[in-house]
Amino acid sequence: MTNQLSAAEAKRLVAEAKKAREQAYTPYSHFQVGAALLLPDGSVVRGCNVENVSYGLCICAERVAVVTAVASGHREFSALGVITASSPPAAPCGMCRQMLAEFASDLPIVLANMQGEVEQINLRDLLPHAFSARDLV
Ligand code: THU
């Protein structure tokens, strides 16, 4: 069994991710992404995607949220919310999945879009057989 979010928790994370998305810097793709990480103390850390004219430097909203949380002293995450304009709602890219797995293998994720569609999934299902510290033998 994997962790699940309550409807109220999911709604809150979607609202937080939507606020985060307002800060997205996307002059090249025009694809705005907002992410919200729920911490065990109930607080939320937001992230948005930040692009660069040197395209390879673009960073995803999810990884911005992770590094912001870690830089603030938080290494445990309870849930993640992600919002885009995609239908169906888009899931985190592979690089973000691996980054999230570093800190939370059993992470409930709520995926949403601006049209009001919402889905729940778990990081375990998005990234089975994640590379982990156990593999470093
Ligand atoms: N992007 C994210 O923010 N998260 C993902 O999981 C996938 C892609 C961003 C990166 C880039 O700024 C834009 O979406 C288009 O790829």
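For clarity, every value in this text was computed on a predicted model and none was experimentally measured. Hydrogens, waters and symmetry mates are skipped; everything else that's a heavy atom, side chains included, is used.
- Hydrophobic cluster membership is shared by Ile121 and Leu100, with clusters built from Ile, Leu, Val, Met, Phe, Trp and Tyr side chains linked at under 4.5 angstrom.
- Among all heavy-atom pairs drawn from Ala130 and Ala101, the shortest one is CB-CB, 4.1 Å.
- Under a 3.5 Å cut-off, the side chain of Asn49 and the backbone N or O of Thr26 do not form any donor-acceptor pair.
- A donor-acceptor pair is defined here as one N or O able to donate and one able to accept, closer than 3.5 Å; such a pair exists between the side chain of Gln115 and the backbone of Ala85.
- Interatomic distance, CD1 of Ile109 versus CG of Asp125, reported as 9.0 Å (0.5 Å rounding).
- A pairwise comparison of heavy atoms in Val44 and Ala36 identifies CG1-CB, 3.8 Å as the closest pair.
- Here Ser105 contributes atom OG and Asn122 contributes atom CG; the two are 8.5 Å apart, rounded to the nearest 0.5 Å.
- Residues Ser43 and Asp41 have side chains that bring a donor and an acceptor to within less than 3.5 angstrom of each other.
- Residues passing the side chain to side chain contact (heavy atoms under 4.5 Å, CB included) test with Phe103 are Val66, Val70, Arg75, Phe77, sequence neighbours excluded.
- For the pair Thr68 (side chain) and Val64 (backbone), a donor-acceptor distance under 3.5 Å is present.
- Note that the CD1 atom of Ile59 and the CD atom of Glu62 stand 10.0 Å from one another [nearest 0.5 Å].
- In the hydrophobic clustering of ILVMFWY residues, with side-chain heavy atoms under 4.5 Å counting as a link, Val67 and Val45 come out together.
- The hydrophobic cluster containing Leu123 does not contain Val110, counting ILVMFWY residues as joined when their side-chain heavy atoms lie under 4.5 angstrom apart, directly or transitively.
- Note on Val118 and Leu13: same hydrophobic cluster, where clusters join Ile, Leu, Val, Met, Phe, Trp and Tyr whose side-chain heavy atoms are under 4.5 Å apart, directly or indirectly.
- A single hydrophobic cluster is seen to contain both Leu126 and Leu107, as judged by linkage of ILVMFWY side chains at heavy-atom distances under 4.5 Å, directly or through other members.
- Side chain of Glu51 to main chain of Tyr28: a donor-acceptor pair is present (N/O by atom type, distance under 3.5 Å, no hydrogens or angles).
- The closest donor-acceptor contact from the side chain of Ser72 to the backbone of His74 lies at 3.5 Å or more, if one exists at all.
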Between Met114 and Arg21, is the side-chain contact (heavy atoms from CB on, under 4.5 Å) condition met? List the steps.
CA-CA 10 Å; Met114 299 302 285; Arg21 185 175 178 271; 3.6 Å; yes

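- Scored by the side chain to side chain contact (heavy atoms under 4.5 Å, CB included) test, Glu76 finds Pro40 as partners (sequence neighbours excluded).
- Nearest heavy atom pair, residue Leu37 against residue Ala69, reads CD1-CB, 4.2 Å.
- Salt-bridge formation is detected for the pair Lys19/Glu22: a Lys NZ or Arg NE/NH1/NH2 atom is positioned less than 4.0 Å from an Asp or Glu carboxylate oxygen.
- To the nearest 0.5 Å, atoms CD (Gln98) and CZ (Arg63) are separated by 11.5 Å.
- Annotation: ring pair (Phe, Tyr, Trp, His ring centres under 6.0 Å) contacts of Tyr25 (sequence neighbours excluded): none.
- Side-chain contact between Ser78 and Leu38 is present, with heavy atoms from C-beta onward closer than 4.5 Å.
- Going from atom CD of Gln23 over to atom CZ of Arg46 covers 8.5 Å, rounded to the nearest 0.5 Å.
- When atom types are taken as modelled, the side chain of Gln120 and the backbone of Leu5 share a donor-acceptor pair closer than 3.5 angstrom.
- A 4.5 Å side-chain heavy-atom check between Leu111 and Pro92 finds at least one atom pair inside the cut-off.
- Asn52 places no side-chain N or O within 3.5 Å of a backbone atom of Tyr55 that could act as its donor or acceptor partner.
- Here the straight-line distance linking atom CE of Met99 with atom SG of Cys60 works out to 10.5 Å at 0.5 Å rounding.
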